[in-house]
**Student:** 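Structure below; questions to follow.
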Amino acid sequence: MGSNSPARYSETRDETDPSLDAVFEILAEPRRRFVLSHLHERSKPIAIADLIREISADQHELAKNEVPEGMLKQETITFHHCHLPKLEGANLVTINADRNTVMATETLQSIEQFLAIAAEIEQ
């Protein structure tokens, strides 16, 4: 490899970063990719309910205020029991249960190259 080649993930990864297998498992789910992309662009926490509404609206091509309550309820259950714990377990997000908010951790920067590739492929 030339000197302009990007560093290998294994060379830049530290003990708090998710394994490569975990990265691919996390990015395999479109809703988790959306969460990570959205949080990557933010420097402040976002209310989990607002994030779920944005994801639901985006996935179903609806305005945020058009997302049916039944859909939001189901997505909320899925996020609280599946997606958010997986992202938090990989140290990619921090959840504040008292405020019901979520935000990216610095670890998210370690996988941004994979997130960018996934976004490029999806376009």
**Student:** Got a second to check how far Ile111's CD1 is from Leu92's CG, nearest 0.5 Å?
**Tutor:**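 Going from CD1 on Ile111 over to CG on Leu92, the span is 4.5 Å.
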
**Student:** Is there a path from Ile117 to Leu27 through hydrophobic residues (I, L, V, M, F, W, Y) whose side chains come within less than 4.5 Å of each other?
**Tutor:**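 No, separate clusters.
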
**Student:** Just how far is it from atom CE of Met103 to atom OG of Ser43, taken to the nearest 0.5 Å?
**Tutor:**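 Taking CE in Met103 and OG in Ser43, the distance rounds to 7.0 Å.
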
**Student:** How long is the span from the CD atom in Glu75 to the NZ atom in Lys73, to the nearest 0.5 Å?
**Tutor:**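 Here the rounded value is 14.0 Å.
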
**Student:** When rounded to the nearest 0.5 angstrom, what is the spacing between CD1 in Ile95 and OG1 in Thr105?
**Tutor:**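 Answer for the CD1-OG1 pair, Ile95 versus Thr105, is 11.0 Å.
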
**Student:** In a table with atom names and distances, give each donor-acceptor pair under 3.5 Å that connects a side chain of residues 35-42 to protein atoms at least two apart or in another chain.
**Tutor:**
residue: Ser37; atom: OG; partner: Arg33; partner atom: O; Å: 3.0
residue: His38; atom: NE2; partner: Glu54; partner atom: OE1; Å: 3.1
residue: His40; atom: NE2; partner: Glu112; partner atom: OE1; Å: 2.8
residue: Arg42; atom: NE; partner: Lys44; partner atom: O; Å: 3.4
residue: Arg42; atom: NH2; partner: Pro45; partner atom: O; Å: 3.3

**Student:** With rounding to the nearest 0.5 angstrom, report the CD1 to NE2 distance, Ile55 to His83.
**Tutor:**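 Reported value, rounded in 0.5 Å steps: 8.5 Å.
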
**Student:** Quick check: closest heavy atoms across Leu84 and Val93, and the distance to 0.1 Å?
**Tutor:**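 What the structure gives for the nearest pair is O-CG2, 4.3 Å.
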
**Student:** Are any of the side-chain heavy atoms of Leu62 and Pro68 separated by less than 4.5 Å?
**Tutor:**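 Touching, per the 4.5 Å side-chain cut-off.
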
**Student:** Report the C-alpha distance between Leu87 and Arg32 in whole Å, list the side-chain angles of each, state the deciding distance to 0.1 Å, and finish with yes or no for side chain to side chain contact (heavy atoms under 4.5 Å, CB included).
**Tutor:** CA-CA 8 Å; Leu87 295 173; Arg32 289 194 292 261; 4.0 Å; yes

**Student:** Could you report the tightest heavy-atom contact between Pro18 and Ala90, atom names first, then the distance?
**Tutor:**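 Shortest heavy-atom contact: CD-O, 3.7 Å.
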
**Student:** Mark yes when over 12 heavy atoms from residues, nucleotides or ligands other than Glu122 sit less than 6.0 Å from its CD; otherwise mark no.
**Tutor:**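 For Glu122, atom CD is crowded (more than 12 foreign heavy atoms under 6.0 Å).
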
**Student:** Report yes or no: does Arg31 contribute a side-chain atom to a donor-acceptor pair with the main-chain N or O of Phe79 at less than 3.5 Å?
**Tutor:**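 No, because the side chain of Arg31 does not come within donor-acceptor range (under 3.5 Å) of the backbone of Phe79.
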
**Student:** Out of curiosity, Thr101 OG1 to Ile48 CD1, how far, rounded to the nearest 0.5 Å?
**Tutor:**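 If we round to the nearest 0.5 Å, Thr101:OG1 and Ile48:CD1 are 6.5 Å apart.
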
**Student:** Between Pro85 and Cys82, what is the shortest heavy-atom contact and its length?
**Tutor:**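 Taking every non-hydrogen atom into account, CD-O, 3.4 Å.
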
**Student:** Are any non-hydrogen side-chain atoms of Thr78 and Ile52 less than 4.5 angstrom apart?
**Tutor:**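 No; the side chains remain at least 4.5 Å from each other.
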
**Student:** Would you mind checking if Glu66 and Arg53 are paired as a salt bridge, meaning a charged N to carboxylate O distance below 4.0 Å?
**Tutor:**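 So Arg53 does not pair with Glu66 through a salt bridge.
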
**Student:** Any side-chain hydrogen bond (donor to acceptor under 3.5 Å, both in side chains) pairs touching residues 88-100, not counting sequence neighbours?
**Tutor:**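 Residue pairs with at least one partner in residues 88-100: Asn91-Thr107.
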
